[in-house]
Amino acid sequence: MYQWRKFEFFEEKYGAKCTIPDDDGGNNKDDGVMKERNIECCSSGRGKVVTGFNDGTVCFFDRGLKFNYAFQPHSSSILFLQQLKQRNFLVTVGEDEQLAPQQSALCLKVFDLDKMQPESSSATTPDCVGILRIFTNQFPEAKITSFLVLEEVPPILLIAIGLDNGSIYCIKGDIARERITRFKLQVENHSDKNHSSITGLGFRVDGQSLQLFAVTPSSVSLFSLHAQPPRRQTLDQIGCGVNSIAMSDRSELIIGRPEAVYFYEVDGRGPCWAFEGEKKLLGWFRGYLLCVIADQRTGKHTFNIYDLKNRLIAHSVLVKEVSHMLYEWGNIILIKADKSALCIGEKDMESKLDMLFKKNLYTVAINLVQTQQADAAATAEVLRKYADHLYSKQDYDEAMAQYIHTIGHLEPSYVIQKFLDAQRIYNLTNYLEKLHEKGLAFKDHTTLLLNCYTKLKDVEKLNLFIKSDDSIGELKFDVETAIRVCRAANYHEHAMYVAKKAGRHEWYLKILLEDLGSYEEALEYISSLESSQAGMTIKEYGKILIEHKPLETIQILIRLCTEDGDKRQHSNSMYLSMLPSPVDFLSIFIHHPQSLMDFLEKYTNKVKDSPAQVEIHNTLLELYISNELNFSSMLQVNEGGDYLNGASAKAEILNAKSNGTVADHKSSEQEKDRLARREKGLCLLKSSWPLDTEHPLYDVGLAIMLCEMNAFKDGLLYLYEKMKLYKEMIACYIQAHDHEGLIACCKRLGDSVKEGDPSLWEDVLKYFGELGEDCSKEVKEVLTYIERDDILPPIIVLQTLSKNPCLTLSVIKDYIARKLDRESKMIEEDRQAIEKYQEDTLTMRKEIQDLRTNARIFQLSKCTACTFTLDLPAVHFMCMHSFHLRCLGDNEIECPECAPEYRSVLEMKRNLEQNSKNQDRFFQQVKSSKDGFSVIAEYFGKGIISKTSNGSTTALTSGNASSNSAF
């Protein structure tokens, strides 16, 4: 054992006496003679230490071995006791008074420590829930040498009682309810009881399997209790004495013999540890082996605590004779023969590590924290201190090996800074590699590692780092950082590999296009991508591709935007909306409008129902209508259409100085291209506005603006006509001084017969009146249509044309003569109508006066209704119609012959009164009529506005009769 180092990882906390105070009872007296109490058995659990004395008394001690209370479960002595863990029960085996000679005095009792029964004013006794005789006729009496209780599912207990004859009595069940079963296990039949007595027992529970270790001085046996009947297996032919048996936390049986300590599992003997000396007591505490060893030469007892994993003695102390060993409150309690107790506790991890650090025993410290399952942070801290120690000794390789173990807990910058200062690039590379393997590296770590590779020019390691994850599929470093560093070091192949592996298509293309200039390869790579990925990459790098490979790029775009194009005609709108739109790629053509026009034309020829039709047509119109096919000129406003001519003239002058022929040819080509594009633009304007739709498939406002900016007259006229903006069309012809087109437009659009707008002729006449030049021919033609449709009165025509000094009276002489003749005829017709109305009015007034003043003589002899001879009773009406009373209906008060005409007159009067309240209708008729005065006169004539707003005319005074007249 001299090879095992000794440490003081435990400390002696306190000592005490396990005795009962003198004032506690008097139950230690027998016939007035004081008997000495000796501790026969001990147990611990649930925060208490329990001792049993030879006088039958049980004593409970709290933390610090302070006496709590005592009671006497047996009248004579207590041999064994055990404090249960799951329930607060105490099981005892002791001697009581013998009730009959044939019965044994030994009995087993179970006490419920939570239920106390008061005995007297100063003592209490737990409730005894069960008493059981151990020996019966089937189970003859023998000396009990060992005792063990196993708590199964409450309230079931399994009690094993070892005897000196090699037998084990087992009692299983609920003792409180006396529902128990007994069975017997036999280890071996040996003539010498010293070799066959049961010296120790140990239960082993493994899932549903329940096993029992049984030890005698000459054997170790294992009983499988889950089998029926229980099966016995001999594990070894050597055993041990009493108190030299323990169970480890892994359910291993431990026995101590003078030469060694042996471990047993279910399949036989396991490891053994050669500790010399007689093992008086054996125990197991938190992974430590506890031994009280008697030195045969000196006779002294030593208590050792062994750390078997780390091969060290955690504590060693000389003790007096120890009778019992317990574990409670996280401490080891040694109860000696003189009833004194020693409490030993384990030091905290920090104290143990400080002790080892002071001695530079870093390997021991590392093993200690690992075996005691310390948290990872504490382990890393120990490894860091060990690594720092090695670094200070300039053992860089071993130091780095320890630093690598701290990855995940120690800040990487702490290690990196050390090895940067020491210029230990190989060690630093190793650390950074491990950091990446564990997935804990950041961008800066990846940058540093790749810089190390490039600085060392270690292409092999660079390949291994970059390409080692082929089978895994996920790179263990920051992709963007790796690509950036490899590009900077001109390792383009590695950068491309990382980008492709990580699916960073934008980086892959950036290397191909910006670093290598491989445009064709870039296009092939884009073609191999999925639609969404290809679309994103083209948006980012399309400008470069259009500049160098326009045709191929447009082909890819067409395939991308019209994927499965043949099926699109039969697909629904949802599928169409899922494909990329050409509008998304307009930005890549910013410097190449010709390529953009080609792309959109090909797309529209292939796809007729695109969701982005309006945006596409808007863009095409801008390209078609613009004077010059470049985006800078498209944004400039043309002033009156002279921009192109002025710019072309300047260009011709400049170019003619160097090479006039080339300049003329180039200008001619540009003009042809402009005319061809405008023809396409006009076709697009017409084809994208079907006759049966109200709105076109483009932005009308934008189209008008483009036509105005670029002086595109044909397109502007078409849009105005479609939008029925006829006056704007007239203005367009007027601005162009196109008199022939102006009059032709008015003939087509100003014909009232064809639902045209006759007011256009007014604008035309006004234009010619303000023209300031001779336009007699045009004026005569305009006057023809004005006269035909009676659009303007002659006075207005004269006033309008009088403003043009170049026009003579001969232009309108015939027009005025015809108008005067027509007016004269109309005046004569009106005069005749007035005379007729006056005569009719006079006749009606006379008739009314006659009805009011003279009597009526009815001379009809026949009924107007039935034409029979009129007899009484008869009814005569003032209209000179007579009827039989029977020919009239009930309550008939009107003449049946004249009533319909009378009712129609009343209905007309009511309608006129209602119309007099509808002002909007009145003004609408005035506005829409050719002669508004005639409408007003009609309203006066029908009496609709014959009353003043201030009351009837009869209330007017003579002084203001003129001002308050009817209108």
Side-chain angles (χ1 to χ4, degrees), residues 13-29 35-96 107-131 147-149 151 154-155 157 159 175-176 283 285 322-345:
K13 293 191 173 182
Y14 53 83
K17 278 283 188 178
C18 294
T19 59
I20 302 176
D22 293 336
D23 59 349
D24 188 56
N27 52 5
N28 58 341
K29 294 182 180 180
K35 292 177 61 178
E36 181 181 1
R37 284 195 179 98
N38 293 323
I39 298 176
E40 292 290 336
C41 51
C42 293
S43 183
S44 63
R46 301 181 72 89
K48 295 185 182 299
V49 171
V50 188
T51 58
F53 293 89
N54 58 348
D55 63 348
T57 303
V58 171
C59 185
F60 292 85
F61 297 91
D62 291 332
R63 183 182 291 273
L65 294 177
K66 294 180 181 179
F67 175 79
N68 188 345
Y69 69 93
F71 77 99
Q72 189 169 3
H74 298 277
S75 60
S76 179
S77 65
I78 294 180
L79 301 180
F80 301 94
L81 60 81
Q82 184 172 333
Q83 169 74 50
L84 302 186
K85 306 294 183 182
Q86 298 182 22
R87 292 180 295 170
N88 194 16
F89 280 14
L90 178 68
V91 181
T92 62
V93 175
E95 295 183 359
D96 283 322
C107 65
L108 181 145
K109 295 183 179 181
V110 180
F111 295 90
D112 187 350
L113 301 181
D114 291 331
K115 298 179 182 179
M116 309 299 289
Q117 295 180 354
E119 274 189 350
S120 61
S121 60
S122 61
T124 56
T125 301
D127 186 14
C128 181
V129 297
I131 301 176
F147 175 78
L148 187 61
V149 180
E151 296 180 81
L157 300 179
I159 302 173
I175 297 178
F285 176 73
V322 180
S323 59
H324 300 88
M325 186 186 303
L326 303 173
Y327 324 106
E328 192 65 32
W329 312 304
N331 298 325
I332 304 169
I333 302 172
L334 301 178
I335 299 179
K336 304 176 185 177
D338 59 359
K339 292 183 287 188
S340 64
L342 179 63
C343 188
I344 300 174

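Just so we're clear, the structure is a prediction, and the values are computed from it rather than from any experiment.
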Can you tell me how far apart [atom1] ([X]) and [atom2] ([Y]) are? Round to the nearest 0.5 Å.
X: K13; Y: I333; atom1: NZ; atom2: CD1; result: 10.5 Å
X: C42; Y: L326; atom1: SG; atom2: CG; result: 5.0 Å
X: T92; Y: I131; atom1: OG1; atom2: CD1; result: 9.0 Å
X: C41; Y: H324; atom1: SG; atom2: NE2; result: 6.5 Å

Residue pair [X] / [Y], side-chain heavy-atom distance below 4.5 Å:
X: V58; Y: F71; value: yes
X: L81; Y: F147; value: no
X: E40; Y: I78; value: no
X: H74; Y: C107; value: yes
X: L90; Y: F60; value: yes
X: D112; Y: F89; value: yes
X: I175; Y: L108; value: yes
X: F61; Y: N68; value: no

Within 6.0 angstrom of K115 NZ, more than 12 heavy atoms from elsewhere: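 Check fails, neighbour count at 12 or below.
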What closest approach, in Å, do [X] and [Y] show between heavy atoms, and which atom pair accounts for it?
X: C59; Y: A70; value: CA-CB, 4.1 Å
X: G56; Y: P73; value: O-CD, 3.0 Å
X: G283; Y: M325; value: CA-SD, 4.1 Å

Run N38 and F53 through side-chain contact (heavy atoms from CB on, under 4.5 Å) and show every step you take. CA-CA 5 Å; N38 293 323; F53 293 89; 5.9 Å; no
If you look only at pairs with a residue in [range], which of them pass as a salt bridge (Lys or Arg N to Asp or Glu O under 4.0 Å), with sequence neighbours excluded?
range: residues 325-341; answer: none
range: residues 59-83; answer: K48-D62
range: residues 75-96; answer: D96-K109

Test log, rule side-chain contact (heavy atoms from CB on, under 4.5 Å), inputs M116 and Y69: CA-CA 11 Å; M116 309 299 289; Y69 69 93; 3.8 Å; yes
Treating S43 as the side-chain partner and V50 as the backbone partner, does any N or O pair qualify as donor plus acceptor under 3.5 Å?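 No, the answer is negative, given that no donor and acceptor are paired below the 3.5 Å cut-off.
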Go through the steps for L157 and E151 under the test side-chain contact (heavy atoms from CB on, under 4.5 Å), then give the verdict. CA-CA 5 Å; L157 300 179; E151 296 180 81; 4.1 Å; yes
Q83 and side-chain contact (heavy atoms from CB on, under 4.5 Å): which partner among V91, V49, L113?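 Option passing the side-chain contact (heavy atoms from CB on, under 4.5 Å) with Q83: L113.
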One pair to check against side-chain contact (heavy atoms from CB on, under 4.5 Å): L65 and W329. What are the steps and the verdict? CA-CA 11 Å; L65 294 177; W329 312 304; 4.2 Å; yes
